[in-house]
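Everything on this sheet refers to the single structure shown next.
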Amino acid sequence: MNFLCLFFVALLLAVGFADLTKTILKRLMFQNKKAPIKEVKIPIYGHCENIEFIIRKIIFKYTWLNEYKNVKITIINNGADSETIDICNALKRKIINLHIA
């Protein structure tokens, strides 16, 4: 039992050390470079029931990856109805990186 506990402690210690090394190297290599901006384009047309869910899902994904500041979300209006546009405009007031084209 003690051997099993020591094995898991050693494994977690190795994983933690690898993650710490990756973080330090990432900061040293990219400290002066500006991170590239990722652009997500969402074309909408007609009535889109789940547009709010789609936008929030994208934001959640990039927030989880700690890259939210480097993401630009563009909604392309291809003939969406007024309710969908109203939802997008309401989200635009709350979300800084959201643009409607």
Side-chain angles (χ1 to χ4, degrees):
M1 186 70 177
N2 286 338
F3 177 75
L4 189 61
C5 289
L6 285 174
F7 174 75
F8 282 121
V9 167
L11 180 68
L12 291 175
L13 187 64
V15 169
F17 182 72
D19 188 50
L20 179 66
T21 305
K22 180 187 84 166
T23 304
I24 290 171
L25 288 175
K26 193 185 227 184
R27 298 236 174 164
L28 288 175
M29 294 175 79
F30 297 114
Q31 76 185 60
N32 291 331
K33 294 182 180 177
K34 193 173 184 182
I37 294 178
K38 296 175 180 77
E39 190 168 347
V40 179
K41 295 181 181 179
I42 307 170
I44 56 172
Y45 52 91
H47 182 71
C48 187
E49 293 268 338
N50 57 352
I51 188 67
E52 183 175 3
F53 174 75
I54 292 169
I55 294 170
R56 290 190 187 275
K57 182 78 172 178
I58 292 168
I59 292 169
F60 178 75
K61 176 187 172 190
Y62 285 106
T63 302
W64 187 73
L65 294 172
N66 292 326
E67 297 178 354
Y68 178 65
K69 295 176 184 174
N70 301 329
V71 175
K72 177 182 174 186
I73 302 170
T74 304
I75 298 174
I76 301 168
N77 184 359
N78 289 337
D81 66 345
S82 62
E83 183 181 352
T84 305
I85 297 298
D86 290 341
I87 292 170
C88 293
N89 286 330
L91 287 172
K92 184 179 177 182
R93 285 184 228 117
K94 295 178 184 177
I95 302 168
I96 298 169
N97 298 342
L98 182 65
H99 306 282
I100 301 174

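No experiment lies behind these values; they were computed from the predicted model shown.
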In Å, rounded to the nearest 0.5 Å, how long is the span from CG of N77 to SG of C88? 8.0 Å
To check you understand the geometry: which heavy-atom pair defines the closest contact between I54 and C48, and what is its length? CD1-SG, 4.5 Å
To the nearest 0.5 Å, how far apart are CZ in R56 and CG in L91? 5.5 Å
Rounded to the nearest 0.5 Å, how far does CG of D86 lie from NZ of K92? 13.0 Å
With sequence neighbours left out, what residues match I24 under side-chain contact (heavy atoms from CB on, under 4.5 Å)? L20, L28
First locate atom CG of N50, then atom CD of E52, and finally report the distance between them rounded to the nearest 0.5 Å. 10.5 Å
With sequence neighbours left out, write down each residue that passes side-chain contact (heavy atoms from CB on, under 4.5 Å) with F7, or none if nothing qualifies. none
Side chain to side chain contact (heavy atoms under 4.5 Å, CB included) test vs I42 passes for just one of I100, I76, I58, T74, namely I58
Residues in side-chain contact (heavy atoms from CB on, under 4.5 Å) with D19, at least two apart? K22, T23
Once you round to the nearest 0.5 Å, how far does CD of E83 lie from CD1 of I51? 12.0 Å
Could you state the interatomic distance from CD1 (I75) to NZ (K41), rounded to the nearest 0.5 Å? 13.5 Å
Report yes or no: does T21 contribute a side-chain atom to a donor-acceptor pair with the main-chain N or O of F17 at less than 3.5 Å? yes
Passes side chain to side chain contact (heavy atoms under 4.5 Å, CB included), I59 versus I73? Steps please. CA-CA 9 Å; I59 292 169; I73 302 170; 3.8 Å; yes
Considering non-hydrogen atoms only, spot the tightest contact between G46 and T84 and give its length. O-OG1, 3.8 Å
